[in-house]
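Numbering of ligands and ligand atoms starts at 1, following listing order. In this text the structure is predicted, and so the values were computed from the model without any measurement.
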Amino acid sequence: MSAATLNTPIESGAIHGKGGVRVMTEKTRGTVPATLKGLGVTFKNMIANLSGKLAPTISYPEEKRNYSERFRGVHVLTQRPDGSPKCVACYMCSTICHADCINIVAGEKPDKGIEKYPVKFEIDMLRCVMCGLCVDACPEEAIVMSKEYEMAAFTREDTIYDLTRLMYRKSLVEWRLGYRPRYDKLTSPSQPVVHPRDAKAGKQAV
Ligand code: SF4
Ligand code: SF4
């Protein structure tokens, strides 16, 4: 048989089977350093993980991740300088909400510049999918989102956030604001944006 017709490693002499002893070829010899190098990487990462340097987990709830400013957490109803809701009960947010979880009841305001306000504003957090469409639809920047994601409750009623809870939550100081139309001005719940209409009237943010 000529060398040109040899096909298998044994036939070509790459692996000799004489006496059942496999002889390491040039090709197989090259895999040893590569394997050792790979094991070195594995060992290095194992040490880093054990020492906590690379750990993908955190000690929640003692530790919390610092999520992006665009995080879509529990909603916040923003305020006017006098502390009343900026919401003008236009129903844009409840109309766009595909989860049908916003319930608004509008009331009349004697102020003709505002006309309406929410007598009732509720969000059913068990139905909400945190999509942020309500924030996008609001023409007044009256509804924004926070980074708050702890919504565990003991009763069904506690999962429905009313006007007061959406406007004033001590927890907001810790969680900070999340997804909102403008990131330059509205930076925290205690610094609501002054709507251009309010600014024109000389009102300042509180
Ligand atoms: S975040 Fe989405 S699902 Fe939740 S209230 Fe807004 S529009 Fe509805
Ligand atoms: S939160 Fe905004 S969109 Fe929703 S009713 Fe109030 S003003 Fe309209």
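- Taking every heavy atom of Ile104 and a limit of under 4.0 angstrom, the matching atoms of ligand 2 come to 5 (S).
- In this structure, atom 2 (Fe) of ligand 2 lies nearest to the protein heavy atom Cys138 SG, 2.3 Å.
- Not a single donor-acceptor pair under 3.5 Å links the side chain of Arg156 to the backbone N or O of Leu126.
- In this structure, atom 8 (Fe) of ligand 2 lies nearest to the protein heavy atom Cys90 SG, 2.2 Å.
- No salt bridge links Arg176 with Glu69; every basic N to acidic carboxylate O contact stays at or beyond 4.0 Å.
- At most 12 non-hydrogen atoms from other residues, nucleotides or ligands lie less than 6.0 angstrom from CZ of Phe154.
- Listed by atom number, the atoms of ligand 2 under 4.0 Å from Tyr91 heavy atoms are 5 (S), 8 (Fe).
- By the 4.5 Å heavy-atom criterion applied to side chains, Trp175 and Lys64 are counted as neighbours.
- Heavy-atom contacts of Cys97 reach the following atoms of ligand 1: 3 (S), 5 (S), 7 (S), 8 (Fe) (cutoff under 4.0 Å).
- For the pair Asp136 and Tyr179, the minimum side-chain heavy-atom distance is below 4.5 Å.
- Those atoms of ligand 2 that come under 4.0 Å of a heavy atom in Phe121, given as number and element, are 1 (S).
- Of the protein's non-hydrogen atoms, the one nearest atom 7 (S) of ligand 2 is Val88 N, 3.4 Å.
- A cation-pi contact, defined as under 6.0 Å to the ring centre and within 45° of the axis, links Lys109 to Tyr117.
- Nearest protein heavy-atom contact of atom 5 (S) of ligand 1 is Cys101 SG, 3.4 Å.
- Panel note: side chain Thr78, backbone Glu141; a donor-acceptor pair is recorded below 3.5 Å.
- Those atoms of ligand 1 with a heavy atom of Ala99 less than 4.0 angstrom away are 3 (S).
- Proximity of a side-chain donor or acceptor of Ser84 to a complementary backbone N or O of Arg80 within less than 3.5 Å is not detected.
- Ligand 1 places these atoms under 4.0 Å from at least one heavy atom of Ile102: 5 (S).
- Side chains of Ile143 and Ile123 form a contact here, defined as non-hydrogen atoms less than 4.5 Å apart.
- With a cut-off of 2.8 Å, atom 2 (Fe) of ligand 1 has an N, O or S atom of Cys131 in range.
- Atoms of ligand 1 found under 4.0 Å from any heavy atom of Val129, numbered from 1 in the order shown, are 3 (S), 4 (Fe).
- Across every non-hydrogen atom of Arg70 and Tyr183, the tightest pair is CG-OH, 3.3 Å.
- Look at His75 and you'll find a heavy atom under 4.0 Å from some atom of ligand 1.
- Each of the following atoms of ligand 2 lies closer than 4.0 Å to a heavy atom of Ile143: 1 (S).
- Contacts between Ala89 and ligand 2 below 4.0 angstrom, taking non-hydrogen atoms only, involve the backbone exclusively.
- The distance from ligand 1 to the heavy atoms of Met130 drops below 4.0 Å at these ligand atoms: 1 (S), 4 (Fe).
- Annotation: side chain of Tyr161 is not in contact with side chain of Cys128 (no heavy-atom distance under 4.5 Å).
- Near Cys128, meaning under 4.0 Å from any of its heavy atoms, are these atoms of ligand 1: 1 (S), 3 (S), 4 (Fe), 5 (S).
- The protein heavy-atom contact nearest to atom 6 (Fe) of ligand 2 is Cys87 SG, 2.3 Å.
- Scanning all protein heavy atoms for the shortest distance to atom 4 (Fe) of ligand 2 gives Cys93 SG, 2.3 Å.
- In terms of heavy-atom proximity, Leu133 sits nearest to Ile96 at O-CG2, 3.7 Å.
- At a threshold of 2.8 Å, atom 4 (Fe) of ligand 1 has no backbone or side-chain N, O or S atom of Cys134 nearer than that distance.
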